[in-house]
Amino acid sequence: MAGTGVSDSREWTFRHHDGRRIPVSMTVSMLRDSRGEPSGYLGIARDITESRRAGEEIRESEARFRAIFDLSIDMFAIVDARGNLLRTNPAWERVLGHPGEALVGQPIWPLVHPDDLAEGKERVRPAVDGAEVHDSRARVRHADGSWRWLSFNLSGIGPGGEAYVAARDVTAEVEARHELEQ
């Protein structure tokens, strides 16, 4: 490719004098003399061992995150600053009966009980400033129309405009406490 006058960039494997293999990113360009005739080639190689290692660590970290996210019995979600659900784990469907794909892209607020809505929005406001919200409670609509009490934690909204939600169904606890009070 470099022989055509176009720089060629690709990954190569170099062998170190001790026998180790070293992945490199190498760009080869044709050199020309004062008459414009090919006079040689210039190759510039950069060791990409660390960037490959970092990429593998990121892939492993993402795989661990996906496993924890998807296998948790607690409800996890990623939301944007407006409260739109960007991703939900399977526990959302188990607890609330809504298929995950039906929730993604939708705002959470229409699911919140009207009597809890204003207070719920006020409770999550600190997340906009990056603060975490802990053990906040609200009633959320089940797919069958009933209401489930959720206790949730919310991370502060990060630089990417996303926050993380961890929620748990506490309906039985709330109802038991209500019965005791009666």
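The first residue in the sequence is number 1, and the count goes up from there.
- Arg168 and Ser151 share no donor-acceptor pair across their side chains, judged by distance under 3.5 Å alone.
- Across Leu154 and Ala127, no two heavy atoms sit closer than the pair CD2-CB, 3.6 Å.
- The side chain to side chain donor-acceptor pair (under 3.5 Å) test applied to Thr49 returns Asp47, not counting sequence neighbours.
- With hydrophobic clusters built from ILVMFWY side chains whose heavy atoms lie under 4.5 angstrom apart, Trp92 does not share a cluster with Tyr164.
- Using a cut-off of 4.0 Å between Lys/Arg side-chain N and Asp/Glu carboxylate O, Arg125 and Glu122 are scored as salt-bridged.
- Taking every heavy atom of both residues into account, Arg15 and Arg21 meet most closely at NH2-NH2, 2.7 Å.
- Screening Arg148, Arg141, Arg139 for a salt bridge (Lys or Arg N to Asp or Glu O under 4.0 Å) involving Asp116 leaves a single residue, Arg139.
- Residues Leu117 and Leu111 share a single hydrophobic cluster, defined by chaining ILVMFWY side chains whose heavy atoms lie under 4.5 Å apart.
- The residues Glu56 and Arg53 are annotated as not salt-bridged, no charged nitrogen and carboxylate oxygen being separated by less than 4.0 angstrom.
- Under the 4.0 Å criterion applied to side-chain N and carboxylate O atoms, Arg87 and Asp70 are assigned as salt-bridge partners.
- More than 12 heavy atoms of other residues, nucleotides or ligands lie within 6.0 Å of CG in Leu31, so this atom counts as buried by the packing criterion.
- Cluster annotation: Trp12 and Ile22 are assigned to the same hydrophobic cluster (Ile/Leu/Val/Met/Phe/Trp/Tyr, side-chain heavy-atom contacts under 4.5 Å, transitive).
- By the 4.5 Å heavy-atom criterion applied to side chains, Pro107 and Arg82 are not counted as neighbours.
- By the criterion of side-chain heavy atoms lying less than 4.5 angstrom apart, applied directly or through intervening Ile, Leu, Val, Met, Phe, Trp or Tyr residues, Val133 is not grouped with Val170; the two fall into different hydrophobic clusters.
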- Message: As a quick check of understanding, evaluate salt bridge (charged side-chain N to carboxylate O under 4.0 Å, His left out) for Arg123 and Glu119, giving each step before the final call.
- Response: CA-CA 6 Å; Arg123 278 195 229 127; Glu119 186 178 343; 2.6 Å; yes
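- In this structure, Leu103 and Glu93 have side chains that are not in contact, with every pair of non-hydrogen atoms separated by 4.5 Å or more.
- Side-chain contact between Val124 and Pro126 is absent, with no heavy-atom pair separated by less than 4.5 Å.
- Remark: the backbone N or O of Phe69 is not paired with any side-chain donor or acceptor of Ser72 at under 3.5 angstrom.
- Between Thr88 and Gly100, the closest heavy-atom pair is OG1-CA, 3.6 Å.
- Rounding to the nearest 0.5 Å places OG of Ser39 at 9.0 Å from CE of Met30.
- Ion pair Arg46/Glu11 not flagged as a salt bridge, since none of the NZ, NE, NH1 or NH2 atoms sits closer than 4.0 Å to an Asp/Glu carboxylate oxygen.
- With hydrogens and angles ignored, the 3.5 Å screen pairs a side-chain donor or acceptor of Asn89 with a backbone N or O of Asp74.
- Annotation: the span from Leu85 atom CG to Ile108 atom CD1 amounts to 4.5 Å, rounded to 0.5 Å.
- Summarising the geometry of Gly105 relative to Asn84, their closest heavy-atom pair is O-OD1, 4.4 Å, with the distance given to 0.1 Å.
- Checked against Met75 for a side-chain contact (heavy atoms from CB on, under 4.5 Å), the options Val165, Leu96, Val140 give a single hit: Leu96.
- Following chains of ILVMFWY side-chain contacts shorter than 4.5 Å, one cannot reach Leu86 starting from Phe152, and the two form parts of different hydrophobic clusters.
- In this structure, Tyr41 OH and Asp8 CG are separated by 10.5 Å, a value rounded to the nearest 0.5 Å.
- Glu173 and Arg137 are joined by a salt bridge, as a carboxylate oxygen and a charged side-chain nitrogen come within less than 4.0 angstrom of each other.
- In this structure, OG on Ser29 lies 7.0 Å from CD1 on Ile44, to the nearest 0.5 angstrom.
- Shown here are the ring-ring contact (aromatic ring centres under 6.0 Å, His included) partners of Phe76, two or more places apart in sequence or in another chain: there are none.
- To the nearest 0.5 angstrom, Arg177 atom CZ is 12.5 Å from Glu179 atom CD.
- The backbone N or O of Thr171 lies less than 3.5 Å from a partner atom in the side chain of Asp169, making a donor-acceptor pair.
- Sorted by first and then second residue, the ring-ring contact (aromatic ring centres under 6.0 Å, His included) pairs with a member in residues 105-136 read His113-Trp147; sequence neighbours excluded.
- The minimum heavy-atom distance between Arg52 and Pro23, with the atom names listed, is NH1-CB, 3.2 Å.
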